[in-house]
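Below: the structure, in structure tokens.
Remember, it's 1-based here, ligands and their atoms both numbered in the order they're listed.
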Amino acid sequence: MSGAFEKVYQESINDKEGFWKKAADAVHWFKKPDTILDTSNSPFNRWFVDGEINASYNALDVHVDAGRGDQAAIIYDSPVTDTKQTITYSELLDRVSRFAGALQERGVSKGDRVVIYMPMIPEAAVAMLACARIGAIHSVVFGGFASNELAVRINDAKPKLILTASCGIEVKRVIEYKPLLDEAIELAEHKPDATVVFQRPQATAELQEGRDFDWKTVEDNAQAVAAVPVKSTDPLYILYTSGTTGQPKGVVRDTGGSVVSLKWTMKNIYDTEPGEVFWAASDVGWVVGHSYIIYGPLFSGNTTVIYEGKPVGTPDPGAFWRMISEYNINTLFTAPTAFRAIKKEDPDATYLAKYDLSCLRTLYLAGERCDPDTLYWAQDKLGVPVIDHWWQTETGWSIAANCKGIELLPVVAGSPTRPAPGYDIQVLSEDGEQMEAGDIGALTVKLPLPPGTFIDLWNASDRYVSSYFSKFEGYYETGDAGYIDENGYIFVMARTDDIINVAGHRLSTGGMEEVVAEHPDVAECAVMGVADKLKGQIPMGLIVLSDTCTRDEDEVIKEVVKLVREKIGPVAAFKNALVVKRLPKTRSGKILRGTMRAIADSAEWKLPATIDDPEILDEITEALKAAGYAQD
Ligand code: COA
Ligand code: AMP
């Protein structure tokens, strides 16, 4: 170890303003900030307060102005439609400038919200960057969410305009987006002025005269517009994420902090240079898609990849290897679940032999805990460093990582390595005391959070404070529990709330419980995440039927499963439920989900001292065993 990482890390903690001022000097400002950090209203801390900037300008214009216009900005590869396309920085700038003009012509201006409900096609990038160009705030909703979830987000964000496409494609299934959007608008109290629909050859959306407009016509007829300077602290986007209830949290990210931090991470965490091909195999609907399919790589002048396919089945488990060799990809970033899917279908990685992967330098994994087996398998088969890093929608970039661009530290399986520069991570006990090395507690970050992290929750500043900053004064509560070992390595062990990670997708079991409880035959229910070999976790419902229910249990379960798919969406992957007689509770009536989860996963568990009726746990154990869980 050279000590280079330690030096940079200490500087980021001891001289925060100096550290981030230097990073800010590397991006384009319409007005350079004089005040680097304002902590006068903590936890609403603000970076680069008096600076003026534009994210779209930093993603596009700076590179074209620097003579990189002919370099590929986006490679689009869609095995599900058999399409490949390369878009240069000049072409992307032209499309984004015209689409930004089209948004303005439809009345969208600085501060207005635009909801984007789109599949993985280049137009999703055009949409996001066009909003940023005119200072409109985009809110991308993942395509796997159903109309009801989309409606909840429309009501909260109150968009002037909604951008969509006629369909998405899930391997071989064409999913028509427009009927889903129409239903969402019908359900929502807030109505957008208009929608703009990108028609794809696989499905043609019906357009409502006067409300829905054809994307191509709108873009072709628009006048290009220049990037508008916005305040550094103006929101770049809202991204809804699961909280503990059915009401999602609208994470707000500011513009200046995002540009500065994401550009900094491209070199220092991901070790990439402008011009190199960087692929984040995620979706624009998730935070990884925002930060590392769109903004980070484009801020740094990389070529980014929009891949409309899966790791397996499109057409085979060699899909990722084909992509890497065909496009000379240097850096791949995905979720461990993608590698588990590949490993399951091709355990010996026979498909690898068909491709030359000598261009690949590093694999980054995030989104869920990386199990050591998957890490070793990837390391062994690919022969490159495999770096697990710890992330949240709230932080926008990694809280802990092995910063290869500064110094590659020894990889320790099960740990995302050290706190990333800018993050002063502390492990605290329930009473806010610092834990000893190796002891598990709440993972927290001492304020201020670094630039690029969330600055608020949309329409919910009180919830911002109460959910994240009130339990430990002066600290951000990540909602994860874990420990730091004697070498300073972090181990993220579990969530402290009802959030689960299914195939790297963050979901709220509380939200699912709200839907299950709506079924007329359900008296009471609990949804918990149980271990799954492929997806890490999957939701499982335990249902108590109402006394008046005379119907077949299996029928009710089928209806409940259908209800969750309809109300939340296929992404919830809610397919398992069991009918039980009673649910175990504490004497104060709190359902003991954690204990039931430990039983289902055959993990160690202790009889909670506060349990009301211990016999119920025996009943639950029997029911779980009969369903194939809780095997000793
Ligand atoms: N639009 C509509 N439906 C979607 C969708 C979208 N954008 N994305 C997923 N779905 C559907 C899937 O088709 C599936 O439907 P099904 O129940 O009818 O089979 C359901 O939502 C669950 O999706 P998922 O959990 O992703 O399962 P999968 O079987 O389709 O794929 C993996 C499993 C592991 C291959 C896939 O999740 C994957 O590649 N994950 C890793 C990468 C990643 O995206 N990580 C996110 C954060 S980095
Ligand atoms: P999301 O907001 O969807 O990015 O999900 C964030 C949550 O995913 C975190 O709070 C963790 O619980 C989990 N997570 C993400 N990355 C990791 C990781 N590398 N190791 C362990 N858990 C992770």
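Considering only heavy atoms from C-beta on, Leu332 stays 4.5 Å or farther from Leu382 through its side chain. Using a 4.5 Å heavy-atom threshold, the side chains of Met435 and Leu428 count as separate. Side-chain atoms of Arg153 and Phe145, non-hydrogen and from C-beta on, do get closer than 4.5 Å to each other. Thr453 is not listed as a side-chain neighbour of Glu394, based on a closest heavy-atom distance of 4.5 Å or more.
Listed here is the closest heavy atom pair of Asn402 and Glu407: OD1-O, 3.8 Å. Listed here is the closest heavy atom pair of Ile74 and Ala125: CD1-CB, 3.8 Å. Scanning both residues, Ala366 and Phe333, for their nearest heavy atoms gives CB-CE2, 3.7 Å.
Close approach of ligand 1 to Gly504 (heavy-atom distance below 4.0 Å) involves ligand atoms 46 (C), 47 (C). Ligand 1 places these atoms under 4.0 Å from at least one heavy atom of Ser282: 46 (C), 47 (C), 48 (S). Near Thr393, meaning under 4.0 Å from one of its heavy atoms, ligand 2 places the atoms 1 (P), 2 (O), 3 (O), 4 (O). Near Val492, meaning under 4.0 Å from any of its heavy atoms, are these atoms of ligand 2: 21 (C), 22 (N). Listed by atom number, the atoms of ligand 1 under 4.0 Å from Ile175 heavy atoms are 2 (C), 3 (N). Applying the 4.0 Å criterion to heavy atoms of Val571 picks out, from ligand 1, the atoms 21 (O). Remark: ligand 2 atoms within the under-4.0 Å shell around heavy atoms of His389 are 16 (N), 18 (C), 19 (N). Those atoms of ligand 1 that come under 4.0 Å of a heavy atom in Phe142, given as number and element, are 5 (C), 7 (N), 8 (N).
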Trace of the salt bridge (Lys or Arg N to Asp or Glu O under 4.0 Å) decision for Glu170 with Lys310: CA-CA 9 Å; Glu170 276 295 291; Lys310 304 260 174 186; 2.8 Å; yes
Test ring pair (Phe, Tyr, Trp, His ring centres under 6.0 Å) applied to Tyr307 and Trp279, step by step: CA-CA 9 Å; Tyr307 173 66; Trp279 178 25; 5.2 Å; yes
Steps toward ring pair (Phe, Tyr, Trp, His ring centres under 6.0 Å) verdict (Phe469, Tyr475): CA-CA 6 Å; Phe469 302 99; Tyr475 294 84; over 10 Å; no
Worked check of salt bridge (Lys or Arg N to Asp or Glu O under 4.0 Å) between Asp554 and Lys558: CA-CA 6 Å; Asp554 291 342; Lys558 261 193 215 147; over 6 Å; no
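Val312 pairs with exactly one of Glu345, Lys343, Lys344 by the side chain to side chain contact (heavy atoms under 4.5 Å, CB included) rule, that one being Glu345. Between Thr265 and the choices Trp397, Tyr270, Tyr292, the side-chain hydrogen bond (donor to acceptor under 3.5 Å, both in side chains) rule is met once, by Tyr292.
Per-atom contact check: atom 36 (C) of ligand 1 does not touch the protein, criterion being a heavy-atom distance below 4.0 Å. Closer than 4.0 Å to atom 32 (C) of ligand 1 lies none of the heavy atoms of the protein.
Taking the six-membered ring where the residue is Trp, the centroids of Tyr295 and His290 are separated by 6.0 Å or more. The aromatic ring centres of Tyr351 and Phe320 sit 6.0 Å or more apart.
The protein atom (non-hydrogen) at minimum distance from atom 6 (C) of ligand 1 is Gly144 N, 3.5 Å. In this structure, atom 18 (C) of ligand 2 lies nearest to the protein heavy atom Glu368 O, 3.3 Å. Annotation: atom 12 (C) of ligand 1 to nearest protein heavy atom, Glu170 OE1, 3.1 Å. The protein heavy-atom contact nearest to atom 41 (C) of ligand 1 is Thr337 CG2, 3.4 Å. Nearest protein heavy-atom neighbour of atom 19 (O) of ligand 1: Lys575 NZ, 3.9 Å. In terms of protein heavy-atom proximity, atom 25 (O) of ligand 1 is nearest to Lys535 NZ, 3.0 Å. Looking only at heavy atoms of the protein, atom 18 (O) of ligand 1 is closest to Arg565 NH2, 2.9 Å. From the protein, the heavy atom lying nearest to atom 30 (O) of ligand 1 is Lys310 NZ, 3.0 Å. Here the protein heavy atom with the shortest distance to atom 26 (O) of ligand 1 is His505 NE2, 3.3 Å. Protein heavy atom nearest atom 6 (C) of ligand 2, with residue, atom name and distance: Trp391 O, 3.4 Å. The protein non-hydrogen atom at the shortest distance from atom 3 (O) of ligand 2 is Arg506 CB, 3.2 Å.
In this structure, Arg173 is part of the shell of residues with a heavy atom less than 4.0 angstrom from ligand 1. Using a 4.0 Å cutoff on heavy atoms, Met120 does not count as a contact of ligand 1. Contact analysis leaves Phe333 out of contact with ligand 1, as no non-hydrogen atom separation drops below 4.0 angstrom. Ligand 1 lies nowhere less than 4.0 angstrom from a heavy atom belonging to Tyr292. Within the structure, ligand 1 lacks Val312 among the residues with a heavy atom less than 4.0 angstrom away.
The environment of CD in Glu206 is sparse: at most 12 heavy-atom neighbours from other residues, nucleotides or ligands sit within 6.0 Å.
Between Ser242 atom OG and Ile500 atom CD1 the span is 9.0 Å, to the nearest 0.5 Å.
For ligand 2, one of its N or O atoms has an N or O atom of Gly367 under 3.5 Å away. Residue-to-ligand polar distances place Arg495 within reach of ligand 2: an N/O pair is separated by less than 3.5 Å.
Legend: side chain to side chain donor-acceptor pair (under 3.5 Å) pairs involving residues 417-426, not counting sequence neighbours, sorted by first then second residue: Glu6-Arg418, Asp424-Gln426, Gln426-Gln434.
Summarising the contacts of atom 43 (C) of ligand 1 with Gly569, Ala319, Ala281, the nearest heavy atom is found in Ala281. Nearest-residue assignment for atom 9 (C) of ligand 2 (options Asp480, Leu443, Asp388; heavy-atom criterion): Asp480. The heavy atom nearest to atom 38 (C) of ligand 1, out of those in Ala335, Pro570, Pro311, Gly367, is found in Pro311.
Of the heavy atoms in Asn501, only side-chain atoms (C-beta onward) come closer than 4.0 Å to ligand 2. Using a 4.0 Å cut-off between heavy atoms, Tyr177 contacts ligand 1 through its side chain alone, with no backbone atom that close.
Tyr327 does not carry Arg322 over the face of its six-membered ring by the limits of under 6.0 Å from the centre and within 45° of the normal.
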